[in-house]
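Remarks on the structure that follows.
On a predicted model such as this, the values are computed, not experimentally measured, just so you know. The residues of the chain are indexed from 1 along the displayed sequence.
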Amino acid sequence: MSIMEYNGGSVVAMVGKNCVAIASDLRLGNQALNVATFDKIFPVTDRIYIGLSGLATDVSTLRERFRFRVNMYTIKEEREIEPDTFAHLVSSTLYEKRFGPFFIEPVIAGISSPSRGSKPFIAAADLIGCLNFAKDFVVAGTASSELFGIAEGLWEPDLEPEDLFETISQTLLNAVDRDAFSGWGAVVHVITPDRVITRTLKGRMD
């Protein structure tokens, strides 16, 4: 078994019309054993969220490291970090440890500031920080192949926030039902220029 699959978990982000959504399952496992529920998505600013799939210890480590680096950026620059800038911060943080990497695949979703047009942004990276920018959706985790297939079939351009929520929820719930290392419910964040809507979904507990 790959170390990336040891604790399980999957994350997906999608772009809508002036909004983005990011969702993950809640399972924390020890290989095939279910241990607990575990959040994998964390707020960076009011407009940016990051989802971390992979080894749970590295999720906790990187969450704090990103929080520290974003706070330092805010103090130094005297402004909030933009989503694309944060994506490159994530990439450089991972690439620093390329010879002994964090076993994490991050997914970033956010809305740019009003001065930059409040544009939706999503990106994903591999464990050494190679960024993948997309205009539709990005996936990571043990159910990534299932997420790709279902998202290709369900996603449409210019979805409104409620339609985007429905699309990402159905994509995630149906994908994790086909993956033994993901599941146990899900959490979805829909980010719009003026608010963030967070909903917790019930899923199969077997």
One thing to verify: whether Arg199 and Glu162 come together as a salt bridge, which I'm taking to mean a side-chain N less than 4.0 angstrom from a carboxylate O. yes

When every non-hydrogen atom of Pro193 is compared with those of Asn18, the smallest separation belongs to CD-O, 3.2 Å

Testing the basics here: between Lys40 and Gly9, what is the closest heavy-atom pair and its distance to 0.1 Å? CE-CA, 3.5 Å

Of all the heavy-atom pairs spanning Ser169 and Val188, show the shortest one and how long it is. OG-CG2, 3.8 Å

Using the rule given for side-chain contact (heavy atoms from CB on, under 4.5 Å), can you reason through Gln31 versus Glu5, listing the C-alpha separation, both sets of side-chain angles and the distance that settles it, and then say yes or no? CA-CA 7 Å; Gln31 300 185 47; Glu5 299 173 357; over 6 Å; no

Residue among Ile197, Thr198, Val196 satisfying side chain to side chain contact (heavy atoms under 4.5 Å, CB included) with Ile191: Val196

Above 12 or not: heavy atoms from other molecules or residues under 6.0 Å from CD of Glu64? yes

Indicate yes or no: at least one non-hydrogen side-chain atom of Leu26 is less than 4.5 angstrom from one of Thr200. yes

Hey, are the side chains of Tyr6 and Leu55 touching, using non-hydrogen atoms and a 4.5 Å cut-off? yes

Met14 and Thr171, any side-chain heavy atoms less than 4.5 Å apart: yes

Heavy-atom nearest pair, Ser10 first then Ala143, reads OG-N, 2.9 Å

Verify side-chain contact (heavy atoms from CB on, under 4.5 Å) between Phe68 and Met72, making sure each step is shown before the conclusion. CA-CA 6 Å; Phe68 165 73; Met72 290 301 294; 3.7 Å; yes

Quick check: is Phe148 connected to Val12 through a chain of hydrophobic side chains (ILVMFWY, heavy atoms under 4.5 Å apart)? yes

Check: Ala124 main-chain N/O paired with Glu105 side-chain donor or acceptor under 3.5 Å: no

With a 4.0 Å cut-off, would you call Arg116 and Asp84 a salt bridge? yes

Decide whether Ile111 and Val138 are clustered together by the hydrophobic rule: side chain heavy atoms of Ile, Leu, Val, Met, Phe, Trp, Tyr closer than 4.5 Å, transitively. yes

Cluster question for you: counting only ILVMFWY and a side-chain heavy-atom cut-off of under 4.5 Å, with indirect links fine, are Leu172 and Tyr49 together? no

Taking the side chain from Arg98 and the backbone from Tyr95, do they hold a donor-acceptor pair closer than 3.5 Å? yes

Under a 4.5 Å cut-off applied to non-hydrogen side-chain atoms, are Arg204 and Asp177 in contact? yes

Could you check if a side-chain atom of Ile108 sits within less than 4.5 angstrom of a side-chain atom of Ile48, using non-hydrogen atoms only? yes

Connected via hydrophobic side-chain network under 4.5 Å: Val11 and Phe102: no

Beyond-backbone contact of Ser24 with Val187, side-chain heavy atoms, under 4.5 angstrom: yes

Side-chain heavy atoms of Phe66 within contact of Leu52, under 4.5 Å: yes

Quick check: does any side chain N or O of Thr167 sit under 3.5 Å from a backbone N or O of Trp155, one acting as donor and the other as acceptor? no

Are Leu89 and Ile104 connected in a single hydrophobic cluster, I mean Ile/Leu/Val/Met/Phe/Trp/Tyr linked by side-chain heavy atoms less than 4.5 Å apart? yes

What pair of heavy atoms forms the shortest contact from Ala134 to Ile122, and how long is it? O-CG1, 3.4 Å

Is the shortest heavy-atom distance from the side chain of His88 to the side chain of Leu131 under 4.5 Å? yes

At their closest point, which heavy atom of Ser53 faces which heavy atom of Gly141, and how far apart are they? OG-N, 3.5 Å

Any luck finding a side-chain donor-acceptor pair between Thr93 and Arg65 under 3.5 Å? no

